[in-house]
**Student:** 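One structure is given below, represented as structure tokens, and several questions about it will come after.
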Protein chains: 4
Amino acid sequence: MPPSDSTDQPRWRRRKDDRPQEIVAAAMDVFAERGYAAARLDDVAHRAGVSKGTLYLYFASKEELFKAVVRAAILPNLERAERLAEGAPGPTMALLDRILAMAGEMIATSQVAIIPKLVIAEAGNFPELAAFYHREVIQRVFGLLGGLLERGMARGEFRPLPIDHTVRLIAAPLLMSAMWRNSFDAVAPLDVAALIATHRDHLRRVLLVTEDAP
Amino acid sequence: MPPSDSTDQPRWRRRKDDRPQEIVAAAMDVFAERGYAAARLDDVAHRAGVSKGTLYLYFASKEELFKAVVRAAILPNLERAERLAEGAPGPTMALLDRILAMAGEMIATSQVAIIPKLVIAEAGNFPELAAFYHREVIQRVFGLLGGLLERGMARGEFRPLPIDHTVRLIAAPLLMSAMWRNSFDAVAPLDVAALIATHRDHLRRVLLVTEDAP
Amino acid sequence: MPPSDSTDQPRWRRRKDDRPQEIVAAAMDVFAERGYAAARLDDVAHRAGVSKGTLYLYFASKEELFKAVVRAAILPNLERAERLAEGAPGPTMALLDRILAMAGEMIATSQVAIIPKLVIAEAGNFPELAAFYHREVIQRVFGLLGGLLERGMARGEFRPLPIDHTVRLIAAPLLMSAMWRNSFDAVAPLDVAALIATHRDHLRRVLLVTEDAP
Amino acid sequence: MPPSDSTDQPRWRRRKDDRPQEIVAAAMDVFAERGYAAARLDDVAHRAGVSKGTLYLYFASKEELFKAVVRAAILPNLERAERLAEGAPGPTMALLDRILAMAGEMIATSQVAIIPKLVIAEAGNFPELAAFYHREVIQRVFGLLGGLLERGMARGEFRPLPIDHTVRLIAAPLLMSAMWRNSFDAVAPLDVAALIATHRDHLRRVLLVTEDAP
DNA sequence: CATGAATGAGTGTTCATTCAT
DNA sequence: AATGAATGAACACTCATTCAT
């Protein structure tokens, strides 16, 4: 038996404050792999290293756990993006570039890209969740992008365009990438960064006034 | 009771050849409402007006029924779109406009827009279905759009652009619309046609060589 | 292997119409042994010779099954007693004797005496059941006895007494016997018939006018 | 911080000797409301103002706690009744009246009337408890009443009657009242005192020799 | 072909009990 | 003594699938 190093903790070590996050992380894995309905709480518990009963100390039901996963995954990233966009100086297109790049990297490398797929898949069964996601996530993303567009137009950088539709058209390839990564990537992997780069090039032509008459 | 001859048809004659299609139609409704996992075959049978056992005369399992729904919903529309694109004369952008309009209308009005959501949601649980859908649907859609792009470039109508990425960027708003319609439309309805129209305007700037220097 | 006789039926023999009654009978046994909460539907199913799922073909929940048990056990006996009391001629005390004897025998020999105990035990958890039982059973029993009392008084056989209380005092020893049989009989068996006989003797002194001055 | 001396009492001094009684009192409430099986120890702990673990410092299991509730509720009242009956002078019927009145008031106003219902409901699951209750409660109640009957007969006040049955017939309305109060009182409240008063009137006719020939 | 009664494995949830602190 | 986080066995209920008719 090898000696245990100094960080060794008895396996019953109570880490009460970390538990909810550990459970949420495990749940995200399982929901990501199986979808909401097919995910088994047994698996979540096992992956979190706790018993099934422990789940219910922190989350009242599978549905509540699901909502916690959505919140935990989305909100920090959203806040990061909003901070990025808020006080920044310089050309608006550069800001938009940075936002797109950040989103692209997140989609390419992190688990959170699974969330929209999960929410969309279960929107019919959990209308309340759909409303929450629309209000707390989609509206904020759209508001963020819409603010950039308005800023660009106000500064004469962007052509006048219908904000609402353009925002959706900016976001659509991100959504598609997130979906693809969690559905068809095993069949045909997607180079998200490259796709987003081309998206950015296209957006330049669509948005910038200076592109019009080179 | 006299024996009936062989041509005798009971007046409650079941249109036995229509059964599978009726079942598939009912299944599409139910899958659309609940998602694959939460859909109950009881409901499918009831909506199709048959018994649960009858389902198994035509489909070996829930999974096979699901695949049949996907095939039945997608392939006819896909063939229609391919026919539209194939032999047509005239400017490529006009062709693309027609394809987009057709897709937009389908998304706005028909049930089939639910399919991508279902496939994406269950891709993890049914990798074979994901592969099938990628091969038989996505590849063909991408091939269709890619062919148009190549045609446009060959005729000097379109600027040279990376085919593969551009195809995805053309398709992304369609996917987003399909998703939205089946997830958040109850919360915030989407005017698909208008969104696609703006998309078309943007594409004009991105694709057409003549837009560059008016 | 001994030859099976002519009544032998394949074990999958469907006896669709009998199923609910078989299940109710099994459930009565299990509820009687364990009480409502401690009764396991697995046991009920096993005792009824069906699978657990089959229970749910006929009863929507454990609670509904419980109500069905109560109804099935009580109502036939109640109707029998009411028929006994209704059209009968002769002295009222003789009628009352017959009712008491019948009740005593039922308590002594049949399963149904378990029902009041079950209902009383669960009245707090199922107020609706309590209301049903009060309305459909207790009120009818009290009405039956009250009718006899009124008849006896009208005919000058019985002394004038407060109907409502007297009815309860007539019923109380029956209830006690039913409770005892299903609680303490293993510890100290009760001779229900003898107790009821003494009860009848006491009632004679209480009720009859002719006993007063022999 | 100065060291406290040995007589120092923290101001939050727990009355540690009262703990078990507080727990028993809380448990009685919860058992009364829900029945044994449906009662949650969480609720008991919460109502007693202690943690769930503390329960197990004083009671080895839910079953032991249940027995403690039964003992605590019944024995003091029983002793009170026995003291009432023992040394008293005067007519036996007056004594019996007082016993009945005391029992009636207890049933009408106190929690303890819930106990017989609980014991009877769980007698099947806890035969040992049933035996204990029969031995320590029922036998003593019957002994108490039987002693009164014997005294009355010995003094020529009461007619000769079978002690054992008559005791049960005296007790039955009390049991019924206790049951009713905890089952159907919400549906149809019972005036226990009035019922017991009528019971007393009936008993007078049954028991007293002088009533026979006024 | 068609039925629908029957199955039984599977899962979310509860709660008495334990035990490290 | 007291806590309360953690456990895990237990159970009601669901539903895809089967099969005798």
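Here is how names work: the chains are called A, B, and so on, in the same order as the sequence lines, proteins then strands, and each is numbered from 1.
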**Student:** Please give me the minimum heavy-atom distance between C:Pro20 and C:Phe59, naming the atom from each residue.
**Tutor:** O-CZ, 4.0 Å
**Student:** Hey, what do you get for OH (C:Tyr58) to CD (C:Gln21), rounding to the nearest 0.5 Å?
**Tutor:** 11.0 Å
**Student:** Expected output is a numbered-order residue list: members of residues 64-73 of chain D with a heavy atom under 4.0 Å from any atom of DNA chain F. What is it?
**Tutor:**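 By residue number: none to list.
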**Student:** Working to the nearest 0.5 Å, report the span between CZ of D:Arg34 and CG of D:Asp43.
**Tutor:** 6.5 Å
**Student:** Between F:dA5 and A:Tyr58, is there an OP1 or OP2 to side-chain N/O distance shorter than 4.0 Å?
**Tutor:** no
**Student:** What N/O pairs connect the protein and nucleotides 7-9 of chain E at under 3.5 Å? Give each pair on its own line.
**Tutor:**
unit_1: E:dT7; atom_1: OP2; unit_2: C:Ser51; atom_2: N; d: 2.8
unit_1: E:dT7; atom_1: OP2; unit_2: C:Ser51; atom_2: OG; d: 3.2
unit_1: E:dT7; atom_1: OP2; unit_2: C:Thr54; atom_2: OG1; d: 2.5
unit_1: E:dT7; atom_1: O5'; unit_2: C:Ser51; atom_2: OG; d: 3.4

**Student:** Within this structure, what is the CG-OG distance for the pair C:Leu129 and D:Ser183, rounded to the nearest 0.5 Å?
**Tutor:**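 Separation between the atoms: 10.5 Å.
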**Student:** So which atom in D:Leu118 and which in D:Ala32 form the shortest heavy-atom distance, rounded to 0.1 Å?
**Tutor:**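 Smallest heavy-atom distance, with atoms named: CD1-N, 4.4 Å.
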**Student:** Under the rule for side-chain hydrogen bond (donor to acceptor under 3.5 Å, both in side chains), what residues qualify as partners of A:Glu33, not counting sequence neighbours?
**Tutor:** A:Arg47
**Student:** Tell me the interatomic distance from C:Glu22, atom CD, to E:dA6, atom C1', rounded to whole angstroms.
**Tutor:**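 Rounded to the whole Å, the gap is 13 Å.
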**Student:** How close do C:Val69 and C:Ala27 get, heavy atom to heavy atom, and via which atoms?
**Tutor:** CG2-CB, 3.6 Å
**Student:** Report yes if the side chains of C:Glu128 and C:Lys67 come closer than 4.5 Å at any heavy-atom pair, otherwise no.
**Tutor:**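 Result yes, sub-4.5 Å side-chain heavy-atom pair found.
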**Student:** So is C:Arg71 actually on top of C:Phe132's ring, under 6.0 Å and inside 45° of the axis?
**Tutor:**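 Yes - C:Arg71 lies over the ring of C:Phe132, closer than 6.0 Å to its centre and within 45° of its axis.
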**Student:** State the CD1-OG1 distance between C:Ile23 and C:Thr54, to the nearest 0.5 angstrom.
**Tutor:**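 The distance works out to 6.5 Å.
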**Student:** Could you check which residues of residues 33-43 of chain C get a heavy atom under 4.0 Å from DNA chain F? Sort them by number, please.
**Tutor:**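 Correct list: C:Ala39, C:Arg40, C:Leu41.
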**Student:** In whole Å, what is the span from the CD1 atom of A:Ile23 to the C1' atom of F:dA5?
**Tutor:**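 Rounded to whole Å, this separation is 11 Å.
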**Student:** Could you tell me the separation between the OH atom of D:Tyr56 and the P atom of E:dT17, rounded to a whole number of Å?
**Tutor:** 4 Å
**Student:** Under 3.5 Å for both pairing distances: what stems, at least three Watson-Crick or G-U pairs long, include DNA chain E?
**Tutor:** E:2-21 with F:2-21
**Student:** Please report the shortest heavy-atom distance between D:Ala39 and D:Val30, naming the atom on each side.
**Tutor:**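 So the minimum-distance heavy-atom pair works out to CB-CG1, 3.7 Å.
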**Student:** Atom NE2 of D:His46 and atom P of F:dT3: how far apart are they, to the nearest Å?
**Tutor:**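 One finds 12 Å between P of F:dT3 and NE2 of D:His46, rounded.
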**Student:** Where is the tightest heavy-atom contact between C:Met28 and C:Ala73, given as atom of each residue plus distance?
**Tutor:**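 It is SD-CB, 3.8 Å.
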**Student:** Would you kindly give the CZ-to-P distance between A:Phe59 and E:dT14, to the nearest whole Å?
**Tutor:** 15 Å
**Student:** The criterion is ring pair (Phe, Tyr, Trp, His ring centres under 6.0 Å); which residues satisfy it with B:Tyr36, sequence neighbours excluded?
**Tutor:** B:Phe31, B:Phe66, B:Phe126
